[in-house]
Amino acid sequence: MKPLPDPSLPWPIPLEAVALIADAEGLRLTAYRCPAGVATCGWGATGPEIVLGKTVWTKEQADKALLDDITEFTVAVRAKCTQAPTGNQLGALVSLARG
């Protein structure tokens, strides 16, 4: 069974959408080079703090990073909506916006 992000965290989109995003990203707790050549860790987190050979996270750190990322994208997506999306619509839009 594949791991899922912590369902008790305050996800801003439906947990089903979070699970789909997490499933698409996969969970790796040691930094690796993604297919695009970018240093990545957790549920697809990137950035200057991710260093190949040095970055090792716990699942809790990976879940928190995903929560922060999804929250940031949710705020940006909501700001662009002219009508309030349903939870499922918002989850889909956030997933698309994350790329």
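As a basis for the values below, the full set of heavy atoms in this structure was taken, side chains included, without hydrogen atoms, waters or symmetry mates.
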Evaluation steps, side-chain contact (heavy atoms from CB on, under 4.5 Å), between Arg28 and Thr40: CA-CA 8 Å; Arg28 294 184 61 183; Thr40 306; over 6 Å; no
Ile50 CD1 to Trp57 CH2 distance, which is reported to the nearest 0.5 Å: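 The CH2 atom of Trp57 is 4.0 Å from CD1 of Ile50, to the nearest 0.5 Å.
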Rounded distance (nearest 0.5 Å) linking atom CZ of Arg78 with atom CG of Leu93: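 Separation between the atoms: 10.5 Å.
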Over all atoms of both residues, closest heavy-atom pair of [X] and [Y]:
X     : Y     : result
Ala39 : Thr46 : O-CG2, 3.6 Å
Ala17 : Gly91 : CB-CA, 3.7 Å
Trp43 : Lys59 : CZ2-CE, 4.4 Å
Leu29 : Cys41 : O-SG, 3.5 Å
Pro14 : Gly87 : CD-O, 3.2 Å

Given Thr74, Ile70, Thr71, the one that forms side chain to side chain contact (heavy atoms under 4.5 Å, CB included) with Trp11: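 With Trp11 as partner, Thr74, Ile70, Thr71 yield a single side chain to side chain contact (heavy atoms under 4.5 Å, CB included), made by Ile70.
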Side chain to side chain contact (heavy atoms under 4.5 Å, CB included) partners of Val56, counting only residues at least two apart: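 By the side chain to side chain contact (heavy atoms under 4.5 Å, CB included) rule, Val56 matches Thr30.
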Side chain Lys54, main chain Glu49, donor-acceptor under 3.5 Å: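 The answer is no, because no donor-acceptor pair under 3.5 Å joins these two groups.
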Short side-chain to backbone donor-acceptor contact, Gln61 and Thr58, under 3.5 Å: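 Yes, the answer is positive, given that a donor and an acceptor are paired below the 3.5 Å cut-off.
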Shared hydrophobic cluster for Leu20 and Leu90 (ILVMFWY, side-chain gaps under 4.5 Å):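 No.
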Residues Asp6 and Ser8: side-chain donor-acceptor under 3.5 angstrom: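 Judged by distance alone, the side chains do pair up.
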Test side-chain contact (heavy atoms from CB on, under 4.5 Å) applied to Leu9 and Leu66, step by step: CA-CA 10 Å; Leu9 293 174; Leu66 181 62; over 6 Å; no
